[in-house]
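Have a look at the structure below before the remarks.
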Protein chains: 4
Amino acid sequence: MQLSSRPSVPPTDLSSRILAAAQRLFARQGFEKTTTRQLAEAAGIAEGTLFRHFENKKAILVAVVTQGWSELLTDLLTQLSEMGSYRAVAQLMRDRMLTLHKQSDLMRVCFMEAQFHPDLRDRIQSEIINKMTSVVEAFIQTGVERGTYRDLNPKVVARVFLGMFMIAGFSQDTLMDEQPSPAFQKEMAETLADIFLNGILVQS
Amino acid sequence: MQLSSRPSVPPTDLSSRILAAAQRLFARQGFEKTTTRQLAEAAGIAEGTLFRHFENKKAILVAVVTQGWSELLTDLLTQLSEMGSYRAVAQLMRDRMLTLHKQSDLMRVCFMEAQFHPDLRDRIQSEIINKMTSVVEAFIQTGVERGTYRDLNPKVVARVFLGMFMIAGFSQDTLMDEQPSPAFQKEMAETLADIFLNGILVQS
Amino acid sequence: MQLSSRPSVPPTDLSSRILAAAQRLFARQGFEKTTTRQLAEAAGIAEGTLFRHFENKKAILVAVVTQGWSELLTDLLTQLSEMGSYRAVAQLMRDRMLTLHKQSDLMRVCFMEAQFHPDLRDRIQSEIINKMTSVVEAFIQTGVERGTYRDLNPKVVARVFLGMFMIAGFSQDTLMDEQPSPAFQKEMAETLADIFLNGILVQS
Amino acid sequence: MQLSSRPSVPPTDLSSRILAAAQRLFARQGFEKTTTRQLAEAAGIAEGTLFRHFENKKAILVAVVTQGWSELLTDLLTQLSEMGSYRAVAQLMRDRMLTLHKQSDLMRVCFMEAQFHPDLRDRIQSEIINKMTSVVEAFIQTGVERGTYRDLNPKVVARVFLGMFMIAGFSQDTLMDEQPSPAFQKEMAETLADIFLNGILVQS
DNA sequence: GATGAATGAGTATTCATTCAT
DNA sequence: CATGAATGAATACTCATTCAT
């Protein structure tokens with residue numbers, strides 16, 4: 001997996017067209033319900049052409065997911081590394097959550113399909129989640145050592161942090177209101193960050 | 001949907017046998033990948049019999065999900081209403097999250113399939129999520145009014161609270177470690193509740 | 001494999017209808033070129049029904065061949081065992097060759113497909129050819145011991161004998177004249193039997 | 001078809017490379033199961049190039065078969081014409097059968113595919129088989145007239161003679177023992193020639 | 001001439017649903 | 001009511017052939 005690749009992919013090359021179409025369709029309909037015919041049509045190519053670029057349908061899923069997470073991880077790492085104040089994590093979460101919403105396609109694909117495709121899940125886990133978790137963990141650890149964060153298990157906190165991303169990017173669209181207003185989304189993101197930092201209890 | 005029904009369903013009646021089998025299979029393999037033949041076999045009946053009890057395969061999905069959330073909601077409402085201290089919410093979360101793990105089958109089915117079946121999602125939302133949210137919202141509201149909780153938007157906090165359930169019950173199994181140890185699960189549940197109440201920042 | 005089964009199969013049961021259609025089509029067009037759609041149409045059933053009776057297309061081929069040889073072998077054994085005079089082998093050959101013509105469908109299927117389907121070939125060989133060869137071999141052996149046949153290696157003679165069957169039933173239709181006249185066929189059968197018994201050389 | 005052409009084809013010219021690859025692949029896998037991609041790969045050229053040299057896949061089959069029989073026929077004619085003694089036909093058969101084994105690739109291709117490609121069969125028949133048959137027929141005829149061979153229908157004997165070739169070159173590999181030992185092959189060839197000349201009956 | 005990416009009709013197989021028993 | 005054989009539309013994937021480079 002290449003973490004540094006990407007925004008340069010020309011949208012005219014077929015593989016990219018296929019992946020773009022696949023991301024949209026998989027997210028909208030799920031992997032199983034997306035037919036290769038639809039995929040080809042959406043990419044503006046013939047059905048057979050799909051199989052010149054990817055060995056089979058599942059390989060398209062793997063590519064979509066791998067590429068997507070790759071981008072996500074790159075962005076997160078960049079932002080974390082540039083973040084001066086350890087209190088600014090709220091800012092980061094807010095930003096991330098709002099942009100994550102745009103990538104909720106990807107989140108959905110992952111959550112939906114990872115479960116039924118062990119090899120896909122293994123890739124996501126070993127190549128991505130673990131990397132993200134350990135980066136965030138190190139970040140939290142530093143915050144704890146500096147006395148900014150409470151003395152909680154950094155590994156666990158990292159998971160909660162990442163889990164919150166998913167709430168934001170994923171469950172909103174899925175089970176909550178059809179189309180939450182931008183204002184509500186903003187408040188949601190800010191409250192989530194606030195709770196993450198301060199909790200809901202009044203400080204005694 | 002009946003919220004108060006349920007523990008009286010005899011496991012020998014065919015509809016229940018079908019639903020039990022379906023919940024397991026849908027969670028394990030997803031709705032699309034579960035064939036009616038498997039369903040029938042798992043329920044110990046003939047394939048055609050399925051269609052005497054449910055109009056079509058999708059009706060089985062709807063029934064599984066509705067029934068499951070119904071139980072979940074009933075339990076949550078009971079516990080909330082019986083809860084004296086508003087600080088004890090941590091206790092509740094811990095309990096819920098640990099038991100939720102057992103019901104992760106249901107969570108999975110919901111998260112996976114709700115998206116692709118708008119009518120299912122609508123039912124879940126209008127009949128369940130909204131009810132849960134408003135109950136939790138009222139609970140939070142009271143906590144805020146009593147000065148136990150900070151003055152945050154109760155509706156938003158309620159969503160965060162419910163969202164955290166899902167982290168616990170769902171994403172763990174799906175994307176995190178293959179089989180998180182009970183000890184880790186317990187720590188995860190407690191830390192999540194702790195962060196929800198206190199945040200990660202050191203109290204200044 | 002059952003050697004003694006057969007002429008009692010009711011032509012109304014679907015498996016038999018499928019096999020009958022398959023024998024004709026495989027012989028006419030080959031296994032690869034026969035589509036399951038054609039197969040179903042010829043058997044007067046739906047395409048999906050094929051797969052309720054046979055696991056896959058190849059299983060139909062195996063069944064056709066096995067069944068066919070089974071019948072052929074049964075007949076041959078019966079005739080050989082009932083044959084009084086060891087000179088009468090000519091009579092047998094003539095009869096067999098003429099009826100074989102009707103079963104040339106089967107011969108073709110076997111010769112064509114056996115080669116590309118090792119497991120099929122193995123079955124034919126171990127269950128049928130070897131049985132036929134050893135029966136004929138024993139017959140020849142007896143002829144040699146009685147002084148009726150020359151002292152040639154019975155195993156080799158048996159193979160030649162069986163090979164001659166194939167010339168008769170198979171290569172005629174395939175490479176020789178489109179439709180050899182019955183008269184020519186009869187002469188061919190008789191000459192083949194004659195040469196087998198007496199050779200072409202004038203007795204010195 | 002050119003009977004006198006050929007062994008001068010340089011193996012570097014593309015058409016020949018294609019034919020060589022095709023003969024091997026068709027014999028090994030059959031015509032239908034050999035893909036043009038395999039063909040191109042085996043010939044070391046691009047897939048599209050095939051279609052600059054042959055109009056379509058079937059034309060390659062026709063060329064392979066025509067060329068092969070052409071060589072076979074040339075050899076047979078040469079040997080027959082050089083044969084002094086009419087008793088020496090046994091020698092010829094033995095030789096032919098042993099070398100035929102090497103060309104069993106060709107035999108297989110012919111037997112397999114001729115049947116399903118009427119135009120191919122017509123070519124083989126009119127241009128080759130008929131020529132071979134009539135040459136052999138004339139040869140037998142002469143033997144009969146000289147009193148060496150019994151007074152059998154020369155046309156029929158010629159067919160039996162050619163049919164025996166096929167037993168030898170073809171059916172052995174296909175349905176008989178996996179890999180008959182050279183010794184067994186030799187005995188087979190000799191016995192076949194012996195039976196052809198003398199029959200199996202003890203001369204009374 | 002050679003290439004190989006693109007094509008799309010065609011394939012075997014699956015599976016929700018029906019219906020005669 | 002329960003059954004399970006029959007159905008046939010729908011699916012992922014293959015491959016001979018074309019054509020712009």
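Letters A, B, ... mirror the listed sequences (proteins, then strands); counts begin at 1. Only this structure's heavy atoms are used, side chains among them; waters, hydrogens and symmetry mates stay out. Keep in mind it's a predicted model, so treat the numbers as computed, not measured.
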Whole-Å gap separating [atom2] ([N]) and [atom1] ([X]):
X	N	atom1	atom2	result
B:Gln29	E:dC15	CD	P	10 Å
B:Glu41	F:dT3	CD	C1'	15 Å
D:Gln38	F:dT17	CD	P	15 Å
A:Phe54	F:dT14	CZ	C1'	18 Å
D:Leu61	F:dA16	CG	P	13 Å
A:Glu32	F:dT11	CD	C1'	11 Å
C:Arg17	F:dA5	CZ	P	16 Å
A:Lys33	E:dA16	NZ	P	12 Å

Quick one: which of [options] gets closest to the side chain of [X]?
X	options	result
C:Thr36	F:dA16, E:dG4, E:dA12	E:dA12
C:Leu14	F:dA6, E:dG4, E:dT18	F:dA6
D:Lys57	E:dT17, F:dA16, E:dT13	F:dA16

Could you check whether [X] gets within reach of a base, just the sugar-phosphate, or nothing at all, counting any heavy atom under 4.0 Å?
X	value
C:Thr35	sugar-phosphate
B:Leu50	nothing
A:Ser15	nothing

So, OP1 or OP2 of [N]: does either fall under 4.0 Å of a side-chain N or O from [X]?
X	N	answer
B:His53	F:dC1	no
D:Thr49	E:dT3	yes
C:Arg52	F:dA5	yes

Which comes earlier along DNA chain E counting from the 5' end, the contact point of D:Gly48 or that of A:Ile45, where each point is its nearest nucleotide?
D:Gly48
Give the minimum heavy-atom separation between D:Leu19 and D:Ile60, together with the two atoms involved.
CD2-O, 4.0 Å
Here the side chain to side chain donor-acceptor pair (under 3.5 Å) pairs for residues 42-54 of chain A, sequence neighbours left out, are A:Ser15-A:His53, A:Thr36-A:Glu47
On the side chain of A:Glu47, is there an atom forming a donor-acceptor pair with the base of F:dC13 - under 3.5 Å, no angle test?
yes
What is the base-pairing partner of F:dT7, counting Watson-Crick and G-U wobble geometry with both distances under 3.5 Å?
E:dA16
Under 3.5 Å on both distances, the Watson-Crick or G-U partner of F:dT21
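Its partner is E:dA2.
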Enter the distance from C:Gln29:CD to D:Glu32:CD here, rounded to the nearest 0.5 Å.
10.0 Å
Looking at A:Lys58 and A:Leu120, would you say the former's side chain and the latter's main chain have a donor-acceptor pair under 3.5 Å?
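Flag not set: sc A:Lys58 to bb A:Leu120 has no pair under 3.5 Å.
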With the side chain counted from C-beta on, respond yes when B:Arg17 and B:Leu14 share a heavy-atom pair under 4.5 Å apart, and no when they do not.
yes
Is there a side-chain contact between D:Arg28 and C:Phe116 (heavy atoms, below 4.5 Å)?
no
Between A:Glu55 and D:Asn56, the residue closer to the 5' end of DNA chain F by nearest nucleotide is A:Glu55
